Amino acid sequence: MDIDQLYQDIILDHYRQPRGRGLREPYDVQVRHVNPTCGDEVDLRVRVVDGKITDISYEGMGCSISQASTSVAHELLTGRTVTEALSTVERFQEMVGSRGQVQPDESVLEDAVAFAGVAKYPARVKCALLGWMAFKDAVVQAQALVGGNDE
Amino acid sequence: MTTATTALPLDVERIRADFPILGREVNGRRLVYLDSGNTSQKPRQVIEAVREHFERHNANVARSVHTLGTEATAAYEGARAKVARFINATSAEEVVFTKNATEAINLVAYAMLAASVDRGGAVDPRFRLGPGDEVVITEMEHHSNIVPWQLLCERTGATLRWFGLTDDGRLDESTLDDLVNPRTKLVSMVLVSNILGTANDVSRIAARVREVGALLMLDGSQAVPHRPVDVGALDADFLAFTGHKMLGPTGIGVLWGRGELLAAMPPVLGGGSMIETVTMERSTFAPPPARFEAGTPPIAEAVGLGAAVDYLTAVGMESIAAYEKELAGYALERLHAVPGLRIIGPDTTVGRGATISFALAGVHPHDVGQILDAEGVQVRVGHHCARPTCVRYGVPATTRVSLYLYNTTEEIDALVAALEKVRGVFG
């Protein structure tokens with residue numbers, strides 16, 4: 001496989017100019033996820049209002065794949081309902097974990113389909129998932145908070 | 001003691017012909033293996049020795065009266081003797097086989113824990129730790145020479161202290177007299193850093209350790225494969241290293257300990273082969289090294305390590321060290337010319353091994369490693385299990401090139417050409 005299929009322009013663009021980077025107020029939950037084997041880190045905050053993701057803000061350090069995928073997650077998932085966002089995370093996870101077996105749905109994943117090439121590099125799958133798993137963790141925790149408040 | 005030997009020039013083409021894997025391709029390119037600090041490749045002689053053991057001599061050791069058992073025992077103990085000679089140990093009994101260097105270091109740490117909680121009172125005080133006692137390490141240690149001592153100190157109430165590093169990648173010994181003092185029970189430090197490539201001269205520290213009556217443990221994982229190591233000359237108490245980084249198989253490591261110390265050290269793993277007599281109430285233990293080798297050991301792996309030691313001895317450790325120094329000089333010079341590249345560690349061939357870490361401006365090491373791989377160049381990227389060292393030099397990770405006796409200047413050229421591709425993608 002050609003290395004250019006991994007380092008797609010969309011990925012390099014998000015790496016050089018990350019969207020929505022920086023930790024912001026207000027937020028409901030902040031999480032820190034790390035890849036212990038490589039040291040990549042992301043701190044990520046979510047704000048959920050009436051079942052909708054109104055902000056995803058983050059800081060992190062790591063390779064182009066981990067940083068760009070977090071930037072794409074910010075762009076793609078902000079403004080979605082919690083249900084939509086979690087289902088998109090699942091599609092993304094399927095795509096990068098499929099070893100190239102799952103044809104990605106561009107209407108759902110949009111720019112995130114640029115990470116389809118990662119599936120062919122098992123060592124990089126965890127890089128692509130770092131920010132997305134942090135987001136999922138934060139949203140699930142935020143949901144629990146909302147549930148707790150309602151009762 | 002070894003006398004000064006003349007280093008014969010090393011015939012790298014002849015050596016390469018012994019390593020079958022060097023003939024393969026990666027991603028359609030000729031393999032350029034620059035990750036020997038992670039694990040080395042294996043020569044045909046080692047592969048053959050392991051195969052022959054399984055095909056002709058396989059049996060368990062130290063417990064069989066039959067012919068195969070006798071042959072297997074002779075091969076296993078023969079490997080121990082080879083390793084002992086290789087590091088100039090006083091006797092083969094000073095060599096304990098372990099799983100790897102990590103286990104060798106942990107063996108000493110857990111023996112000290114065992115001594116510290118012992119209620120019998122007959123324990124050698126040199127192994128006993130408690131509040132007020134100190135263990136000293138350095139900021140350039142592999143996690144395997146940090147975490148066992150953190151655990152030991154947490155569990156015994158002792159204090160962990162460490163040497164800092166200078167900006168040019170050397171050990172800062174200015175605090176020696178304060179750090180190593182009468183409260184110090186053990187100093188454990190690396191001979192050659194796995195991330196910076198720094199080769200430490202341990203003589204001043206060893207002298208201070210003797211002065212205060214502490215113990216000195218050395219991590220030789222990146223030294224024993226690459227240069228002559230003489231445990232007598234180093235004046236150490238323990239030395240840990242691993243087989244797979246010195247042309248041998250995985251699953252076999254070595255703890256060398258001074259005979260008198262090993263004889264005083266309490267056992268850690270209990271089980272078969274390490275006992276003298278067992279009753280239902282209590283047991284007495286075999287002398288070293290058997291005391292520290294409970295259960296069936298890695299027999300074929302030891303045989304493979306013995307073959308690796310034969311191979312290295314035949315080439316000559318002085319020759320290997322001299323050749324690697326040449327390679328390191330060439331690599332440092334070529335890497336210097338790469339725009340935006342910063343060497344993390346000593347920037348000269350003096351007092352360093354042939355392991356070179358670097359950062360490339362604007363490109364994360366993982367991305368460097370990925371693009372190098374596409375060009376057939378295999379390097380390690382990440383924190384190299386030495387995260388505190390990365391933090392010290394303000395980098396989250398590095399790209400690391402680690403050279404060995406089978407590498408060539410052409411391979412360093414291939415690395416530099418591949419780095420140009422990295423700059424092309426991320427430029």
Side-chain angles (χ1 to χ4, degrees), chain A residues 1-18 21 32-43 58-72 96 99-100 114-134, chain B residues 25-29 35 38 142-144 146-147 194-195 340 344 357 359-400 417-427:
Chain A
M1 179 172 163
D2 196 332
I3 197 76
D4 295 336
Q5 280 179 270
L6 176 63
Y7 292 110
Q8 304 235 347
D9 288 341
I10 292 174
I11 295 178
L12 292 174
D13 181 51
H14 275 271
Y15 177 54
R16 290 187 186 112
Q17 289 162 15
R21 196 181 167 93
R32 157 169 283 208
H33 277 218
V34 298
N35 262 335
T37 51
C38 56
D40 287 2
E41 298 178 1
V42 65
D43 289 300
Y58 63 95
E59 273 297 352
M61 58 177 191
C63 65
S64 61
I65 304 294
S66 71
Q67 301 306 299
S69 81
T70 308
S71 167
V72 167
V96 297
R99 298 246 167 165
F115 292 89
V118 172
K120 302 252 174 66
Y121 295 91
R124 303 306 292 281
V125 169
K126 61 187 187 328
C127 309
L129 286 176
L130 181 67
W132 291 67
M133 290 302 103
Chain B
E25 293 192 340
V26 167
N27 296 319
R29 309 298 174 104
D35 197 20
N38 209 348
H142 187 281
H143 294 166
S144 60
I146 300 175
V147 184
N194 78 306
I195 176 166
I344 314 287
S357 268
L360 199 57
V363 194
H364 192 277
H366 282 176
D367 296 316
V368 175
Q370 192 79 62
I371 295 169
L372 294 190
D373 176 61
E375 300 294 313
V377 180
Q378 317 286 290
V379 298
R380 183 163 171 197
V381 296
H383 54 46
H384 315 289
C385 300
R387 194 178 167 276
T389 316
C390 287
V391 171
R392 166 63 180 83
Y393 292 103
V395 288
T398 75
T399 301
R400 183 188 73 174
L419 286 172
E420 279 310 308
K421 302 252 173 170
V422 175
R423 298 194 336 109
V425 173
F426 282 89

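Keep in mind the model is a prediction, meaning the values are calculated, not measured. Below, chains carry the letters A, B, ... as their sequence lines are ordered, and counting in each starts from 1.
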K.L.:
Which atoms of Asn35(A) are under 4.5 Å from chain B, going by heavy atoms: the side chain, the backbone, both sets, or neither?
P.N.:
neither
K.L.:
So what's closer than 4.5 Å to chain A heavy atoms on Gln370(B): side chain, backbone, both or neither?
P.N.:
both
K.L.:
Given heavy-atom pairs under 4.5 angstrom as the criterion, report whether the side chain, backbone, both or neither of Glu41(A) touches chain B.
P.N.:
side chain
K.L.:
Could you tell me whether Lys126(A) atom NZ has more than 12 heavy atoms of other residues or ligands within 6.0 Å of it?
P.N.:
yes
K.L.:
Is there side-chain contact between Asp40(A) and His366(B), with at least one heavy-atom pair below 4.5 Å?
P.N.:
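Yes. Closest side-chain heavy atoms under 4.5 Å.
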K.L.:
Given side chains that start at C-beta, do those of Asp367(B) and Arg124(A) come closer than 4.5 Å, heavy atoms only?
P.N.:
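A side-chain contact exists here, since the closest heavy-atom pair is under 4.5 Å.
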K.L.:
Hey, does the side chain of His383(B) reach the backbone of Pro36(A) with a donor-acceptor pair shorter than 3.5 angstrom?
P.N.:
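Looks like yes, one N/O pair under 3.5 Å.
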K.L.:
Which pair of non-hydrogen atoms, one from Gly362(B) and one from Tyr15(A), has the smallest distance, and what is that distance?
P.N.:
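Looking at all heavy atoms of both residues, the shortest contact is O-OH, 3.4 Å.
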K.L.:
Within a 6.0 Å radius of atom CZ on Arg387(B), are there more than 12 heavy atoms belonging to other residues, nucleotides or ligands?
P.N.:
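No, not enclosed.
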K.L.:
Between Ile371(B) and Ile3(A), which heavy-atom pair has the shortest distance, and what is it?
P.N.:
CG1-CG1, 3.9 Å
K.L.:
Heavy-atom distance under 4.5 Å to chain A: side chain of Val363(B), backbone, both or neither?
P.N.:
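The answer is the backbone of Val363(B).
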